[in-house]
Amino acid sequence: MTAPLVLRVAGGRLAWRLERRTLAATLGLAVALVASAWLALCLGSQPTSSAQVWQALWFPERSEIALIVHEIRLPRLLLAILVGACLGTAGLLMQGLVRNPLASPDVIGITGGASLAAVSFLALGGGALGEAWLPAVALGGATLVALGIIALTGRGLGPARLVLIGIGISAALGAATTLVLVLSPDTTAMQAYVWLTGSLYAAQWREVAGLAPWALIGLPLALGLAQRLDVLALGDEMAIGLGTAVRGSRLALLLLAVALSGAAVAFAGGLAFIGLLAPHLARRLVAPGHVGLVPASALLGALILLYADLLGRLAFLPRDLPAGIFVAGVGAPFLVYLLYRWR
């Protein structure tokens with residue numbers, strides 16, 4: 001059930017009503033995502049009608065815009081959906097893991113590790129080897145940071161210690177990234193800066209194919225582990241009393257959050273705030289319980305990035321601005337609002 005604790009207190013009727021609310025909200029978000037995806041396929045520097053897009057998708061040999069739809073708009077759209085879903089889910093896992101509404105993959109340094117690895121790769125001439133290596137390098141950086149955090153926390157893998165060590169590592173990684181940018185040639189620094197901002201510009205099918213396995217495996221795993229977050233929220237003593245392996249559960253959830261966020265950042269750059277925004281919005285729409293929050297957070301993350309990328313493509317034509325600018329424009333004020341409320 002979506003809200004098992006409410007079920008015990010109030011009986012099955014109230015729990016059924018809460019689950020119906022979750023299903024309705026999730027279905028509404030799914031419909032909104034499909035409609036938004038179709039809108040994104042129709043809009044661009046060369047606006048096209050729904051009939052033209054339909055013909056390009058199903059009868060490309062008869063369409064004059066088949067190349068635009070299949071090779072430019074569609075891979076960019078699918079990458080935005082996959083990246084947003086991974087970041088939204090990773091943010092939810094992180095907030096549930098550290099029991100802090102301000103937590104996200106940025107807080108514990110996962111994004112910072114991927115960013116430092118990618119910027120160093122570009123600064124050291126790695127671009128000459130081919131940009132296809134960049135996602136692997138970024139994902140490796142995120143994984144190394146996660147392993148470092150686990151090693152530093154040791155046996156005491158508690159929420160407070162985890163987030164404090166993560167904040168320190170994130171600050172150090174940010175300083176190191178800035179140093180690498182300062183010492184890099186101008187052309188390399190500009191390329192690295194665009195990547196750090198987060199952009200889906202010139203997305204290709206190989207990037208969609210590279211991220212798809214992470215999303216198709218990681219998102220169902222997050223749904224399967226969601227109930228553990230509900231148990232951990234009761235406190236360590238209660239969770240142990242219920243037979244939950246607290247340290248093992250935290251480790252599994254941390255590694256899953258790292259995999260989702262690291263893979264997303266590796267293919268789309270240093271996008272921030274999606275992991276913060278999506279879970280908070282999801283909590284306002286669905287009933288309590290992480291089983292319902294996982295799909296809602298994934299759908300909301302996809303919607304946030306889809307519209308941010310759409311604004312980047314259309315708002316300042318003929319320029320194509322990175323989606324990360326618009327996400328940060330909404331996420332930063334929202335973070336200030338959360339800090340004010342938390343005060």
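Just so we're clear, the structure is a prediction, and the values are computed from it rather than from any experiment.
Looking at every heavy atom in both residues, Ser50 comes nearest to Trp38 through OG-NE1, 3.1 Å. The shortest heavy-atom contact between Ala138 and Ala118 is CB-CB, 4.3 Å. Among all heavy-atom pairs drawn from Leu92 and Arg283, the shortest one is CD1-NH2, 3.8 Å. The heavy-atom pair separating Pro75 from His70 by the smallest distance is CD-O, 3.2 Å. Gly270 approaches Thr111 most closely through the heavy-atom pair CA-CG2, 4.2 Å. A pairwise comparison of heavy atoms in Ala123 and Ser184 identifies CB-OG, 3.2 Å as the closest pair.
Applying the under-4.5 Å side-chain rule to Ile, Leu, Val, Met, Phe, Trp and Tyr, the cluster around Val182 consists of that residue alone.
For the side chain to side chain contact (heavy atoms under 4.5 Å, CB included) criterion with Thr89, the lone passing option out of Leu293, Leu223, Leu260 is Leu260. The residue from Val294, Leu253, Leu93, Val291 that alone fulfils the side chain to side chain contact (heavy atoms under 4.5 Å, CB included) condition with Leu225 is Leu253.
Ile149 and Leu147 are members of different hydrophobic clusters when ILVMFWY side chains are connected at heavy-atom separations under 4.5 Å. Leu39 is not connected to Ile72 by any chain of hydrophobic side-chain contacts under 4.5 Å among Ile, Leu, Val, Met, Phe, Trp and Tyr, and they are in different clusters. Cluster annotation: Leu78 and Val265 are assigned to the same hydrophobic cluster (Ile/Leu/Val/Met/Phe/Trp/Tyr, side-chain heavy-atom contacts under 4.5 Å, transitive). Side-chain heavy atoms closer than 4.5 Å link hydrophobic residues (I, L, V, M, F, W, Y) into clusters, and following such links, possibly through other members, connects Ile169 to Ile110. When the side chains of ILVMFWY residues are joined at heavy-atom separations under 4.5 Å, either directly or via intervening members, Leu300 and Phe334 end up in a single hydrophobic cluster.
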task: Report the C-alpha separation of Trp205 and Leu74 in whole Å, then their side-chain angles, then the decisive distance to 0.1 Å, and conclude whether the side chain to side chain contact (heavy atoms under 4.5 Å, CB included) test is met.
output: CA-CA 9 Å; Trp205 283 109; Leu74 190 56; 3.7 Å; yes

task: Apply side chain to side chain contact (heavy atoms under 4.5 Å, CB included) to the pair Val83 and Ile274, showing each step before the final yes or no.
output: CA-CA 10 Å; Val83 169; Ile274 294 178; 5.6 Å; no

task: Run the numbers on Trp214 and Leu139 for side chain to side chain contact (heavy atoms under 4.5 Å, CB included), then give the verdict.
output: CA-CA 11 Å; Trp214 295 91; Leu139 184 58; 3.1 Å; yes

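To the nearest 0.5 Å, the span separating CG on Asp320 from OG on Ser199 amounts to 6.5 Å. For the atom pair CG (Leu33) and CD1 (Ile81), the distance works out to 4.5 Å, reported to the nearest 0.5 Å. Atom CG of residue Leu221 and atom CG of residue Leu216 lie 11.5 Å apart, to the nearest 0.5 angstrom. Atom OG1 of Thr177 is separated from atom CG of Leu173 by 6.5 Å, given to the nearest 0.5 angstrom. Ser297 OG to Leu87 CG: the interatomic distance, rounded to the nearest 0.5 Å, is 12.0 Å. Atoms CD1 and CG, on Ile217 and Leu256 in that order, are 11.0 Å from each other to the nearest 0.5 Å.
With hydrogens and angles disregarded, a donor-acceptor distance shorter than 3.5 Å links the side chain of Thr48 to the backbone of Cys42. In this structure a side-chain-to-backbone donor-acceptor pair under 3.5 Å is missing from Thr197 to Gly324. A donor-acceptor contact shorter than 3.5 Å links the side chain of Ser120 to the backbone of Leu116.
Using a 4.5 Å cut-off on side-chain heavy atoms (C-beta onward), Gln204 and Leu79 make no contact.
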Can I get a per-line list of side-chain donor-acceptor pairs under 3.5 Å for residues 53-67, giving both atom names and the distance, sequence neighbours left out?
unit_1, atom_1, unit_2, atom_2, d
Ser63, OG, Ile65, N, 3.1
Ser63, OG, Ala66, N, 3.4

Would you tabulate the side-chain donor-acceptor contacts of residues 301-315 under 3.5 Å, counting partners in other chains and residues two or more places apart, or write 'none'?
unit_1, atom_1, unit_2, atom_2, d
Tyr307, OH, Ser36, OG, 2.6
Asp309, OD1, Arg76, NE, 3.1
Asp309, OD1, Arg76, NH2, 2.8
Asp309, OD2, Arg76, NE, 2.9
Arg313, NH1, Leu43, O, 3.1
Arg313, NH2, Ala40, O, 3.1

